[in-house]
K.L.:
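I'd like to ask some things about the structure below.
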Amino acid sequence: MSATPQASGAARKVTPLTFREKKAQHQPISVLTAYDVATAQAVERAGLDAILVGDSLGMVVLGYETTLPVTMDGMLHHCRAVARGARRPLLIGDMPFLSYQVSLEDAVRNAGRFLQEGGMEAVKLEGGRERLPAVQAIVGAGIPVMGHLGLTPQSVHLLGGFRPQARTAEAARRLLEDALLLEQAGCFGIVLESVPARLGEFVSRRLAIPTIGIGAGAGCDGQVLVANDVLGLFERFTPRFAKAYASLFGEMVRAFEAYRTEVEAGVFPAAEHSLGMDEAVWQEFATGADEAPGT
Ligand code: KIV
């Protein structure tokens, strides 16, 4: 009899239902971004629940100042790489700027492309009440949707910069209403970015679906961070709420310098990095090479 993954002790595939179950059982949900196959493999190996292929890749991988230049084709390129690296975590593709705001038809078609061409299993989009028709249309097409409230980077110019949100009672109330509306519209979870910790906890308690916080305090049902921040890979700007668990940028520079130094000193490549050639083959080659035209 073949053992089910559960029975054999192997970790179960994470789905949107797992998110709900974990919330009900008060088990925190762990999410990281990934943009390439190696990171996806490492995230899976580390046992996290979900991978978000975030449009943050525009900033941390491609070097743009904002996420606005990221396109559907750019996102799908990275989604495919991530999907080739991880199976167990829930794979969530981040819908880029203008891929869901212009028309419902665009929204459904583009969300579908994340599943059909990108190997993703769910999508995330930014915004509250103004996004309800898009959320309903995408969920109606059978595609799980994660919402995103608070600091929504695709609205950076409207918000006046990457700044904390929901700092007034009115804005906090509006965010709570938006969260409840997104839940009603069918979202399976909501990212809360850069909002006061007390509000993060309050909203989390009012929702049946989990909140995934980034700069929204410990009272959220789960946490998400940008992998490059966790690894200490992104030197230009690190948000206050990010925590670096390693300093890989410094490690990269150290390794690249060591390589350059060895190349310049003629130390690399050493014999163990070089291919040998059978003596008889060499003799045959050398004899023929002497007679080759141009020698
Ligand atoms: O694009 C992204 O990585 C995100 C997370 C920060 C939530 O939206």
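One-based numbering, in listed order, for ligands and for the atoms of each. Computed from heavy atoms alone, side chains included, the values below leave out hydrogens, waters and symmetry copies. Residue numbers run from 1 in the order of the sequence given.
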K.L.:
How about Q283 and E279: does a side-chain donor come under 3.5 Å of a side-chain acceptor?
P.N.:
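There is such a pair between these side chains.
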
K.L.:
When you check the side-chain N and O atoms of E264 and Y259, is any donor under 3.5 Å from an acceptor?
P.N.:
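E264 vs Y259: no donor-acceptor pair found between side chains.
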
K.L.:
Taking only heavy atoms of H148, which atoms of ligand 1 are found under 4.0 Å from at least one of them?
P.N.:
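Heavy-atom distances to H148 below 4.0 Å select 8 (O).
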
K.L.:
Short list, please: which atoms of ligand 1 are under 4.0 Å from a heavy atom of G54?
P.N.:
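Result: 1 (O), 2 (C), 3 (O).
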
K.L.:
Quick check: does D55 get an N/O under 3.5 Å from an N/O on ligand 1?
P.N.:
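In this structure, D55 places an N or O atom under 3.5 Å from an N or O of ligand 1.
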
K.L.:
Ignoring hydrogens and geometry, is there a side-chain-to-backbone donor-acceptor pair from D221 to T211 under 3.5 Å?
P.N.:
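Yes, the answer is positive, given that a donor and an acceptor are paired below the 3.5 Å cut-off.
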
K.L.:
Determine whether the side chain, the backbone, both or neither of L57 has a heavy atom under 4.0 Å from any heavy atom of ligand 1.
P.N.:
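For L57, no heavy atom sits under 4.0 Å from ligand 1.
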
K.L.:
Holding to salt bridge (charged side-chain N to carboxylate O under 4.0 Å, His left out), I want the full list of residues that pass it with E251, two or more places apart in sequence or in another chain.
P.N.:
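E251: salt bridge (charged side-chain N to carboxylate O under 4.0 Å, His left out) contacts with R254.
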
K.L.:
Taking distance alone, with no angle check, do E193 and ligand 1 share an N/O pair under 3.5 Å?
P.N.:
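In this structure, E193 places no N or O atom under 3.5 Å from an N or O of ligand 1.
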
K.L.:
Give the atom numbers and elements of ligand 1 that come within less than 4.0 Å of a heavy atom of T33.
P.N.:
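The atoms of ligand 1 under 4.0 Å from a heavy atom of T33 are 3 (O).
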
K.L.:
With heavy atoms only and a cut-off of under 4.0 Å, state how I214 meets ligand 1: side chain, backbone, both or neither.
P.N.:
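Side chain only.
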
K.L.:
Grab the two heavy atoms, one from L192 and one from L175, that are nearest each other, plus how far apart they are.
P.N.:
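Distance-wise, the nearest heavy atoms are CD2-CD2, 4.1 Å.
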
K.L.:
Side chains of L182 and L132: does their closest heavy-atom pair fall under 4.5 Å?
P.N.:
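Yes, close enough: below the 4.5 Å cut-off.
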
K.L.:
Checking a contact table here: which protein heavy atom is nearest atom 5 (C) of ligand 1, and how many Å away?
P.N.:
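Here the nearest protein heavy atom works out to L52 CD2, 3.7 Å.
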
K.L.:
Heavy-atom contacts with D94 under 4.0 Å: which atoms of ligand 1 show up? List them by number with element.
P.N.:
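Contacts of ligand 1 toward D94, numbered from 1: 1 (O), 2 (C), 8 (O).
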
K.L.:
Considering only protein heavy atoms, which is closest to atom 2 (C) of ligand 1, and at what distance to one decimal place?
P.N.:
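Looking at atom 2 (C) of ligand 1, the protein heavy atom closest to it is S56 OG, 3.3 Å.
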
K.L.:
Quick one: does E126 get a heavy atom under 4.0 Å from ligand 1?
P.N.:
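No, E126 has no heavy atom closer than 4.0 Å to ligand 1.
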
K.L.:
Which protein non-hydrogen atom lies closest to atom 8 (O) of ligand 1, naming both residue and atom, and how far is it?
P.N.:
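Ranked first by proximity to atom 8 (O) of ligand 1 is K124 NZ, 3.1 Å.
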
K.L.:
Do Y100 and N110 have side-chain heavy atoms sitting under 4.5 Å apart?
P.N.:
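Y100 does not reach N110 side chain to side chain.
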
K.L.:
Taking the side chain as every heavy atom from C-beta outward, state whether T67 and M59 have any atom pair closer than 4.5 Å.
P.N.:
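Yes; the side chains approach each other to less than 4.5 Å.
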
